[in-house]
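Here's the structure we're looking at; comments come further down.
Sequence lines set the chain letters: A, B, ... in the order given, protein chains first and strands last, and positions in each chain run from 1. Keep in mind it's a predicted model, so treat the numbers as computed, not measured. Note that these values count all heavy atoms, side chains included, but never hydrogens, waters or copies made by symmetry.
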Amino acid sequence: KELKSIGISLGSLGNPFFVALSKGAEFEAKKTNPNVKITTVGFEYDLGKQVTQIDNFIAAGVDLILLNPGDPKAVGPAIKKAQAAGIVVVAVDTAAEGADATVTTNNVQAGEISCQYIVDKLGGKGDVIIENGPQVSAVIDRVVGCKNVLGKNPGIKVLSNDQDGKGSREGGLTVAQGYLTRFAKIDAVFAINDPQAIGTDLAARQQQRTGIVITAVDGAPDIEAALKDPQAAQIQASASQDPFFMARRAVQVGVGILNGQKPASTVELLPSKLVTRDNVKEYKGWTSDRSQ
Amino acid sequence: MSEPILEMRRVSKSFFSIKALRDVDLTVYPGEIHALMGENGAGKSTLMKILSGAYRPDPGSEIRIDGQPVQINGPHGGRAAGIAIIYQELSLAPNLSVAENIYLGREVSRGGLLAREAMQAGVGPILARLGADFTPQTLVANLSMGQRQLVEIARALHARSRILIMDEPTTALSAGESERLFALIRQLRAEGLAIIYISHRMDEVYALGDRVTVLRDGTLVGSLDKGEIRADAIVRMMVGRDVSSFYKKDHDPQARPGAPVLAAVDIGDGRRVKGCSLTVHSGEVVGLAGLIGAGRTELAHLIIGAAPMTSGHVEIEGRTVSIRTPGEALDAGIAYLTEDRKALGLFLDMSCLDNINLAVLGRDAKFGGILDRDKARERAKRAFAGLGIRAANVGVPAGGLSGGNQQKVLLSRLLAIGPKILILDEPTRGVDVGAKSEIYSIIDNLAKAGTAVLVISSDLPEIIGICDRVIVMRAGHIAGQMRRGATPLSQEEIMALATGTEQLDA
Amino acid sequence: MPENGASAKTASAKTAPATPGLAAAQETKRQRTRMIIRAVGMLPVLLLLCIGFHVLSDGRFFTGQNIGIVVQQSAVNTVLAAGMTFVILTGGIDLSVGSILAASAMAGLIISKFPDLGALWLPVAVLTGAVFGILNGALIALLRLPPFIVTLGSLTAVRGAARLLGADTTVFNPSIPYAFIGNGALTLIPGVVSIPWLWVIALLVILVSWLVLKRTVLGVHIYAVGGNESAARLAGIKVWAVLIFVYGVSGLLAGLGGAMQAARLYAANGLQLGQSYELDAITAVILGGTSFVGGIGSIWGTLVGALIIAVLSNGLILIGVSDVWQYVIKGLVIIGAVALDRYRLQGSART
Amino acid sequence: MPENGASAKTASAKTAPATPGLAAAQETKRQRTRMIIRAVGMLPVLLLLCIGFHVLSDGRFFTGQNIGIVVQQSAVNTVLAAGMTFVILTGGIDLSVGSILAASAMAGLIISKFPDLGALWLPVAVLTGAVFGILNGALIALLRLPPFIVTLGSLTAVRGAARLLGADTTVFNPSIPYAFIGNGALTLIPGVVSIPWLWVIALLVILVSWLVLKRTVLGVHIYAVGGNESAARLAGIKVWAVLIFVYGVSGLLAGLGGAMQAARLYAANGLQLGQSYELDAITAVILGGTSFVGGIGSIWGTLVGALIIAVLSNGLILIGVSDVWQYVIKGLVIIGAVALDRYRLQGSART
Ligand SMILES: Nc1ncnc2c1ncn2[C@@H]1O[C@H](COP(=O)(O)OP(=O)(O)OP(=O)(O)O)[C@@H](O)[C@H]1O
Ligand SMILES: Nc1ncnc2c1ncn2[C@@H]1O[C@H](COP(=O)(O)OP(=O)(O)OP(=O)(O)O)[C@@H](O)[C@H]1O
Ligand SMILES: [Mg+2]
Ligand SMILES: [Mg+2]
């Protein structure tokens, strides 16, 4: 069966991560069929809106839906409806109940390696802040991973984990400014994504606080730049994701299912690799040319 | 005499630090028309609002109805006590129909559903009795001021009360409507209602009043019985001094005929105003009379560019000018005093200072836009002194002034402009006798100085008293005009023109 | 006699034979025409949009299925906008409906998981909304606080409450009672015509709102308060009661919206539900011709407004417009629609 | 008050020699006190919050550094709220400031990456904002469309434009010229007193706004349009020009806010930047005592309002309140502050 039309519903298209995702999907879909019609929409973290979008995809008669579910469980019924209309649904970035397949970064593992880096850097002892973000499952998983690691190290004290940096530079900056005033000694900050890490670094630099190890998850272009920037020395690592590849895999799997090839496992976890100041030169970022 | 239906004893009312009423007594008998008089801000409306339940009096005040002490709690309480009121400030909901406004707060419903038809039918007779030219279904927003006043009156009459309060009901009415209203009031008196009638028009008080009570500065000055009602006595009680020569008219256009300054040629808006022409000469005071809804206000709005003109043109000093906005009218030397000072004239939250200076700020400004505050203050103070505006200082918000003083503030703004042509729409509406005579003398002085003045007024004695010439409008047309000659202008002739009855006689 | 009679009299006596009643009758008729045009309001815009999308989407718009989807999508917003209409008619505003919707959906879903109480989830959700709404109303009516600030405060506070209710997680119940209202349809002619239950509810809400606004005393009082609050007070209307009522209704309908959303999603999330729904609801009301200053407007306009918003969202996806351009186009269409309406009304007033 | 003057006059004319000027003088003094209380407005609430947070945070609030952070965080909102004050004073509203801020920041950052034009990024950002603002104003003033709808439309459309500008990615420039305005401070006494540049800009904006509003003809006209638009028109004021001006200013200041934000973050993202800033700006204005119906309010109140919001955000993080409870508390404090203000004004009016 040929892929004629594909609908993509992602968290928020202003986020470079999802932009890279949509590009990857587009690339792979165009490879399968140059005339494919692609509709990409952002659901702005509104469950109702996402279900609406799925309904619209059904009405538009797409063959494949690529979904970054707002909630792993809550979109289940909508997915069922789409499947009932003969549409293949593949979840990306976050697992979704009932989806034909899921391709996602292993967010728990990403949180683990990012925080393991902190533990190693601190020698297993110190005061750490988990700078939380919007409570979506990817973020929750990262925090879970981070806590897994930190919990294994009794020398590490988690000062706080209940502030929302809104996933943005600005939010990270604001929250970190509060943290830095509130706590005289902070040894490390784990930010749930790159923009928050950069905001945190800006706050620390502004208050002339040094010696804080900042790590994050994503491996976005701006963290790449930061990891190369000697002024942002406190940003030390980010557990990278590969949204472009993730989306390509998702489309491949989807097209496979469309043609009757069941994947070995419904959930495909892509491991995350840690990008540090040492290896950033070799890192191929989200925006690098991936058409090979 | 029979037992009093209403007794108010030691009624006081303070608004925060201001004492609006101090120990006022008022006694009203059934079957009498009791006129309540006093200068602007004397406390007449406040006293009546206490009676209607809109305000709560200070402790110690006492109200008795039929000899029984009553507590009037809120508008419902007033209504329950058999009191109906026409408020001075129009209190209608413009988005509702005439019938809905009349029934507001006591709607008729059947089985929980609104009985619209019944309500519309219910107001029909009362509207007919008042001679209203609109239907119960008409939206109040589509009515003119005068028509709205009729709605207010209809509402009060419709409430079938025993005590009827009318707070300046004729301010927006012209002679014809007023006469009809008076007849109605007399009829109600005959039916045994007690009517409290507030007005600044002396002739109305003569015509109607059985008794007059005068307030000054929130205190009771005294009452006069029918036989004692005389203008000089009332005025002295109100103002505390004699007001001589009420209508002042020193200027004489015949002695020194000025050139035509304003000429409207065949102007119309395709709706209310149909091809009207008029001229006003320098140093002349021209009256524009007519029934309510005759289109006088609309005509003025066309001249100053507040409404779009569809035919005709305006000439100033012989030159045709194009005026599309009130701003352009001001630039051309035409200043206009609106009939609706609250809605279209004043900025109630702004200081008197700003209100007075608003139109000339740009002219005074330094460096192309910086306020000249000294000049403004100076001008406002001069206006206060010159027109006798009563307020603590020029910095108080205009909304806090009594009606007459507000009118003078608005007038000051126009005078500050120093216009060639002044159009005054109902300039003394709601203004007390003292202030009225001051306004008349201002008009007179302006004319003497060469200003062309057009006065739109529904107050015929006023038109006759101050105008050199009267133009009468009827249903959007100029019905005719008459010049003051050897004989004074006559009220009958004007009315005949305004209603068109002269044609029948002819 | 009235002016009209007078002018008639003179007219007949003078020159023109202009029948006396005619002018007034004409005026009334013109008024009525204008009122109908106003009530019809944005309908032409809606139709234009529908036809446009149908053509551009190669005929996918006007299919039974898609129409079903559109009305279903408009349902929740219609319900919220109905409540908003009450509020805006009094000259107020309710920014908290999105948050109240989220809190109500959470409360409902939590109750639905109790085995014994499960069936009560629907009334609980609606009631939760009503309680928040009445709180808003009480603050506005009794303490005389500005509606914008009060409901902005509760926009924030109730959002927090919604998140607290679920401990910041998604509450999920695949076997929620009455789920049919979320996804089922009422079959009228089996296999041919069926109406989504969500839409049935929305229509009922509109109908009842219309009844209340146009056929009851309370309705007149709502319009009166919006038209001239002090006049309403002087006429003895309990303005405070009217205000509490309208905010209560808005809250109650937000609660109903929450229940509808919960039945549709089988799930609720304190953070991710109802974000910025207030803007859509307000837009629907204003598109529908209700005036911000209060006192003027109709519930049918609101329905049309809500449909326009749903058609826009659906149509733009249907014809494959990208997300970014959807923003731009939606914004411009909203402005354009109101501009068109203004122009149209002017035209009709002129004739 | 008027009648007081009147009573003074008649008193002297009548019986008592009661010093005529005295009552008036007292009245004037009382009035002035009331006016000062009104102008001071929410200052007591602000102080209360500061002291409360200082105590609860074990003395961490009133440190030079933290105060620096608070004022810095309030700066952008202060600038937006200043523009919003102009708009609300005319009785309008501008919902698009957040989107305009984002678009301006994007435009600025994009320009800043051109080697030759880099230094022009700041004026470009500000100008971008002004252009969008003037567009809003033109639609509102010339087509007479309701401000809420127009700016709601541009909230959406300009957001789309902002995203298009950056092709939906984050644009960042770690070496943006004039970065000092984002993170640097103006040193007054070396090592002792320094003021963040962001705050210096915000204060300048407030000062200039105050000058315009209180010391120029235009300012009086703005108040007049807000106080009574039809009276303003009849008084010869070019209402359309005033409206275009205020929306232009609001847009321009949103552009400035975008520049400040860009200099602070070295980056901008068309979607995420400035989301729901309009609500914070409006809240600051209303907390500051400016009336929604227009014509009443002061720019100093707005400054206090913006500070209250910043203190709340900072203080709640400082004392370690969790994100969810921050929502609840913020909402309640906003309502409480306005309620307190209402109560306080009543009290002062009574005495
Ligand atoms: N709500 C109010 N708040 C404060 N002061 C008020 C209020 N209502 C009336 N006043 C003041 O009380 C005094 C009496 O006002 P009132 O309206 O009763 O005068 P009035 O005799 O009806 O005057 P007019 O002839 O101009 O209608 C005035 O000085 C007025 O400023
Ligand atoms: N805002 C309005 N909308 C619609 N019709 C109006 C409006 N204002 C006035 N009219 C109508 O225009 C006609 C002329 O009113 P206008 O006010 O010009 O007359 P007027 O002679 O000045 O009467 P008045 O003494 O009542 O002011 C009235 O019949 C009225 O119905
Ligand atoms: Mg009065
Ligand atoms: Mg008139």
Item to complete: Mind checking the CD1-CD1 spacing from I93(C) to I93(D)? Nearest 0.5 Å is all I need.
Response: 7.0 Å
Fill in: Spacing of I282(C) atom CD1 and L152(D) atom CG [to the nearest 0.5 Å]
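Rounded to the nearest 0.5 Å, the CD1-CG separation comes to 8.0 Å.
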Discussion item. Once side-chain contact (heavy atoms from CB on, under 4.5 Å) is applied, do any residues pair with S291(C), and if so which ones, sequence neighbours excluded?
Written reply: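 Partners of S291(C) by the side-chain contact (heavy atoms from CB on, under 4.5 Å) criterion, ordered by chain and then number, come out as V293(C), I296(C).
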Worksheet item: If you count heavy-atom pairs under 4.5 Å with chain C, which of L164(D), L279(D), L155(D), L287(D) comes out on top?
Response: L164(D)
Discussion item. Looking at chain C, which one of L95(D), D323(D), T151(D), V333(D) has the largest number of heavy-atom pairs inside 4.5 Å, strictly under?
Written reply: D323(D)
Response to the item:
Expected contact set for residues 324-332 of chain C against chain D at heavy-atom separation under 4.5 Å reads V324(C), W325(C), Y327(C), V328(C), K330(C), G331(C), L332(C)
Item to complete: Taking heavy atoms only and a threshold strictly under 4.5 Å, list by residue number the residues of residues 139-150 of chain C that touch chain D; give 'none' if the list is empty.
Response: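 Counting heavy atoms that sit under 4.5 Å from chain D, the residues of residues 139-150 of chain C involved are L139(C), L143(C), R144(C), L145(C), P146(C), F148(C), I149(C), V150(C).
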Worksheet, complete the sentence: By side chain to side chain donor-acceptor pair (under 3.5 Å), S99(C) pairs with (sequence neighbours left out) none
